[in-house]
Amino acid sequence: MNVAAKTKPQYDPEFTANVINATGPNSNPRVAQVVGSLIQHLHDFARDVDLTVDEWMMGVNKINRAGQMSNKQRNEGQLLCDVIGLESLVDEITNKQLIGADYEATKTAILGPFFRHDTPSTTKNTSIIKTMPKDGEVTYMHGIVRDAATSAPIKGITIDIWQCSTNGLYEQQDPDQAEFNLRGKFTTDENGYYGLYCLRPVPYPVPDDGPAGELLQLLDRHPYRPAHIHIIAGSDMYTPLTTQIFDRTSKYRDNDSVFAVKDDLVVDFEPIQGNPKATLELVYDIRLAKKDK
Ligand code: BEZ
Ligand code: FE
């Protein structure tokens, strides 16, 4: 049978401009720019892949289900963005704008959905382990927070730290963990020092029982993140830093399901000597950029 090669259909060349030009003169200029560009790219994408009504409806259903299953504990829309790398990309774009290129501040990484704003403050060298898992390895994590431009230690920086337990669950996902387990908020002392006891982190899967998990399956991808600890550091004077640090030896370091790993954020857990409270030590200094006045 002689099958003629299918030619690409031609679509109305005026259509997208008509849609974008429907924006009224009283629209906020940034909204008009962002939404106009989004319409342009979405229309180009639909024409590029010759998107059918059935395929578009599958996408709409996924977005609807993501919204329906989101609540205070679960942000499925954010997770969908994470698995396609969008939160990591937007994080990079935002921080390139905030921080000048003339000195090296600590690199940023995405916030993720498990941060809690209400973590209580605690004093230096406290343990954040409230529910000790059988297989937990206690780590003395400490470092100095410095000004990225002058390298001077900075006093009074607030450092929020959080991590999941060795079962791969954050405390708000797991009724068997005490509230605020593996979370702590610290303040640097006059030498810029912060210190605490935490667990050596483990890899864990992002929640994969919703549309984000289905998408991972459709793309033949796994849901795992490499072992990491989350950090937010900042003060009135310094640009807040949101980041994560990654265990060099962790599985999935080279294929994080949410694309957050950066070489500068890879750290080493070392055996500790002479400290009966921990078996491991993690030294991690942080460099913060001063806010523009
Ligand atoms: C996390 O690191 O906690 C995380 C980040 C993105 C998606 C899910 C979890
Ligand atoms: Fe995490």
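Heads up: numbering here begins at 1 and tracks the sequence. Because the structure is predicted, anything quoted here is derived from the model rather than measured. For the numbers below, each heavy atom of this structure counts, side chains included, while hydrogens, waters and symmetry mates do not. Counting starts at 1 for both ligands and their atoms, following the listed order.
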With a 4.0 Å cut-off on heavy atoms, is [X] in contact with ligand 1?
X    : value
F115 : no
Q78  : no
E87  : no

>> A quick test of your reading: do over 12 heavy atoms of other residues, nucleotides or ligands sit less than 6.0 Å from CG of D263?
In response: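 Not buried by this count: 12 neighbours or fewer within 6.0 Å.
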
>> Test of geometry: compute the angle NE2(H230)-the Fe ion (ligand 2)-OH(Y204) and round it to 10°.
In response: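 That angle is 160°.
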
With atoms numbered from 1 as shown, which atoms in ligand 1 lie under 4.0 angstrom from a non-hydrogen atom of [X]?
X    : result
G112 : 5 (C)
Y170 : 3 (O)
L79  : 7 (C), 8 (C)
H230 : 1 (C), 2 (O), 3 (O)

>> Same cluster or not: I128 versus F114, using hydrophobic residues (I, L, V, M, F, W, Y) connected whenever any side-chain heavy atoms lie under 4.5 Å apart?
In response: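 In one cluster: no.
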
>> Let me check something: do I232 and Y284 share a hydrophobic cluster, defined by ILVMFWY side-chain heavy atoms less than 4.5 Å apart, either directly or through other members?
In response: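 Each belongs to a different hydrophobic cluster.
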
Is [X] close enough that one of its N/O/S atoms sits under 2.8 Å from the Fe ion (ligand 2)?
X    : result
C164 : no
Q244 : no
Y170 : yes

Lys/Arg-Asp/Glu bridge criterion (N-O < 4.0 Å) met for [X], [Y]:
X    : Y    : value
D209 : R74  : yes
K8   : D50  : yes
K130 : E171 : no

> At a non-hydrogen distance cut-off of under 4.0 Å, which region of Y204 contacts ligand 1 (side chain, backbone, both, or neither)?
Replying inline: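 The answer is the side chain of Y204.
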
>> In terms of relative ring orientation, are Y197 and Y140 parallel, tilted or perpendicular, with 30° and 60° separating the classes?
In response: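 Ring orientation of Y197 relative to Y140: parallel.
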
> If every non-hydrogen atom of A66 is compared with every non-hydrogen atom of G77, which pair is closest and at what distance?
Replying inline: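 Closest approach of A66 to G77: CB-N, 4.2 Å.
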
Nearest-contact summary for [atom] - protein heavy atom, Å:
atom                   : answer
atom 7 (C) of ligand 1 : D82 OD2, 3.2 Å
atom 9 (C) of ligand 1 : P113 CD, 3.4 Å
atom 2 (O) of ligand 1 : R225 NH1, 2.5 Å

> Are Y252 and H222 close enough that their ring centres sit under 6.0 Å apart?
Replying inline: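 Yes, close enough.
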
> Ring centres of F186 and Y194 under 6.0 Å apart?
Replying inline: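 Ring centroids of F186 and Y194 are no less than 6.0 Å from each other.
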
>> Can you confirm, on distance only, whether ligand 1 has an N/O atom lying under 3.5 Å from any N/O atom belonging to H228?
In response: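 N/O-N/O distance under 3.5 Å: yes.
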
